[in-house]
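Here's the structure, in structure tokens; my notes come after.
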Amino acid sequence: MSRILMVEDGRDSASALLDHLYNAGHEVEHIGDGAAALDRILSSPPALTLLDVVLPQIDGLQVLQKVRSHSDHPIIMLTARTREVDRLRGLDLGADDYVCKPFSPREVVARVHTVLRRHAQRDGASATPSKSVSFRDGAHLEGHALDLTRRELLLLRTLSRDPGRVFTRSKLLEAAFPEALDVNERAVDGHIKNLRKKLTAAAPSHGWIRSIYGVGFSFAERPA
């Protein structure tokens with residue numbers, strides 16, 4: 001059973017989906033405005049948030065943007081906005097998925113399970129994470145706070161979870177662009193370059209990310 005937060009302005013419009021989530025075995029909390037939702041996500045993160053775009057106080061995209069500055073907590077956007085530019089805006093800000101209204105509650109539950117499974121696989125990928133990197137209240141390298149974009153955060157999580165392992169560009173692409181279907185693998189290189197600069201600025205006496213020619217990249221833990 002997973003704890004799901006549903007952020008939707010209007011209990012009536014949310015009731016069918018709430019029932020399906022309950023029937024699927026989830027514990028579900030409903031919040032009707034963006035400000036309260038943001039506070040709850042940051043103070044007591046659920047397993048996943050279903051986030052409407054149009055909300056009182058703070059709209060869903062603002063909530064998403066603020067959450068992404070702290071974590072890669074799973075978020076699926078729910079919205080009546082069907083234009084491609086609106087969907088891309090949500091994905092660019094870091095949404096894990098984007099469902100347009102009207103939607104099938106059964107489909108949303110299926111997408112919830114897919115996103116939860118993807119995050120669980122990523123979080124359980126290694127038993128020997130880096131001792132130099134932590135992700136409590138944001139990303140830190142040897143105690144230094146890092147100002148990372150969402151892509152950089154996802155790349156660092158993946159690489160530092162298994163120091164020394166060589167990750168192909170394809171694997172890193174899956175980690176950093178989980179919602180994208182048509183992104184060139186070379187897109188990883190630019191994000192790695194920027195991530196390297198930020199790691200070097202925080203702790204300059206060590207090369208944290210190593211390039212493996214023709215294969216990909218690995219995270220180099222500082223020697224003990």
Side-chain angles (χ1 to χ4, degrees), residues 3 38-49 62-75 91-96 115-180 183 185-224:
R3 186 164 64 91
L38 178 61
D39 181 70
R40 180 55 56 90
I41 293 169
L42 295 181
S43 63
S44 181
L48 180 143
T49 295
Q62 290 176 296
V63 173
L64 173 62
Q65 190 170 26
K66 291 178 183 295
V67 170
R68 282 291 172 258
S69 68
H70 294 274
S71 76
D72 62 344
H73 162 79
I75 295 177
L91 293 173
D92 284 344
L93 287 174
D96 292 272
V115 171
L116 287 173
R117 184 166 57 251
R118 189 166 65 210
H119 275 257
Q121 289 171 346
R122 191 182 70 215
D123 290 343
S126 170
T128 57
S130 167
K131 297 178 181 179
S132 301
V133 181
S134 66
F135 296 96
R136 183 179 177 84
D137 299 322
H140 295 78
L141 177 67
E142 296 189 333
H144 300 282
L146 300 170
D147 183 15
L148 304 181
T149 67
R150 184 199 178 220
R151 309 294 186 195
E152 293 161 2
L153 177 65
L154 292 175
L155 286 170
L156 183 59
R157 275 187 181 276
T158 302
L159 289 164
S160 66
R161 189 174 288 118
D162 200 348
R165 175 184 171 185
V166 179
F167 288 85
T168 64
R169 286 182 173 83
S170 177
K171 286 294 184 182
L172 294 175
L173 188 68
E174 292 177 9
F177 296 82
E179 73 287 343
V183 179
E185 290 182 4
R186 288 294 173 179
V188 169
D189 291 23
H191 293 286
I192 288 289
K193 180 180 179 181
N194 293 332
L195 177 58
R196 269 194 178 122
K197 289 180 179 178
K198 294 178 181 180
L199 296 179
T200 300
S205 60
H206 183 64
W208 294 101
I209 297 179
R210 295 177 180 171
S211 298
I212 312 301
Y213 182 76
V215 182
F217 303 92
S218 68
F219 185 85
E221 184 78 312
R222 190 191 292 276

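This one's a predicted model, so the numbers in the text were calculated from it and none came from an experiment. Side chains are part of it too, since the values below use all heavy atoms of this structure and drop only hydrogens, waters and symmetry mates.
- The salt bridge (charged side-chain N to carboxylate O under 4.0 Å, His left out) test applied to R210 returns no partner, not counting sequence neighbours.
- The two residues L116 and A47 make their nearest non-hydrogen contact at CD2-O, 3.6 Å.
- When the side-chain hydrogen bond (donor to acceptor under 3.5 Å, both in side chains) test is applied to S218, no partner is found at least two apart in sequence or on another chain.
- Interatomic distance, T158 OG1 to E174 CD, rounded to the nearest 0.5 Å: 10.0 Å.
- The two residues L199 and L141 have their closest heavy-atom pair at O-CD2, 3.5 Å.
- We find the CG-OG1 distance between L156 and T149 to be 10.5 Å, quoted to the nearest 0.5 Å.
- Scanning for side-chain hydrogen bond (donor to acceptor under 3.5 Å, both in side chains) contacts around H73 gives T49, with sequence neighbours left out.
- Closest of all the heavy-atom pairs between L154 and A175 is CD1-O, 3.3 Å.
- With values rounded to the nearest 0.5 angstrom, H70 atom NE2 is found 7.5 Å from L38 atom CG.
- Contacts of S44 classified as side-chain contact (heavy atoms from CB on, under 4.5 Å), with partners at least two apart in sequence or in another chain: R3, R40.
- Among residues two or more places apart in sequence or in another chain, the salt bridge (charged side-chain N to carboxylate O under 4.0 Å, His left out) test is passed with R196 by none.
- For the pair A145 and H140, the tightest heavy-atom approach, listed with the atom from each and the gap, is CA-CD2, 3.5 Å.
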| Passes salt bridge (Lys or Arg N to Asp or Glu O under 4.0 Å), D96 versus R150? Steps please. | CA-CA 11 Å; D96 292 272; R150 184 199 178 220; 3.5 Å; yes

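- Here the closest non-hydrogen pair linking L159 and F167 is CD2-CD1, 3.7 Å.
- In terms of modelled atom types and a separation under 3.5 Å, the side chain of S134 and the main chain of R136 share no donor-acceptor contact.
- Q62 meets the side-chain contact (heavy atoms from CB on, under 4.5 Å) test with I58, D59; sequence neighbours excluded.
- Between L155 and I209, the closest side-chain pair of non-hydrogen atoms is not below 4.5 Å.
- Remark: E152 pairs with K198 by the salt bridge (charged side-chain N to carboxylate O under 4.0 Å, His left out) rule, at least two apart or across chains.
- By the side-chain contact (heavy atoms from CB on, under 4.5 Å) test, T200 is found to be paired with P204, residues two or more places apart in sequence or in another chain being considered.
- The two residues P163 and S160 make their nearest non-hydrogen contact at CD-O, 3.4 Å.
- Applying the salt bridge (charged side-chain N to carboxylate O under 4.0 Å, His left out) test to D189 and every residue at least two apart in sequence or in another chain returns R169, R186.
- Shown here are the side-chain hydrogen bond (donor to acceptor under 3.5 Å, both in side chains) partners of E142, two or more places apart in sequence or in another chain: R222.
- At least one side-chain heavy atom of R68 sits under 4.5 Å from a side-chain heavy atom of L64.
- A distance-only check finds no donor-acceptor pair linking the side chain of H144 to the backbone of A201 [under 3.5 Å].
- Taking CZ from R151 and CD1 from I192, the interatomic distance works out to 13.5 Å, rounded to the nearest 0.5 Å.
- In this structure, the ring-ring contact (aromatic ring centres under 6.0 Å, His included) partners of F219, at least two apart in sequence or on a different chain, are W208.
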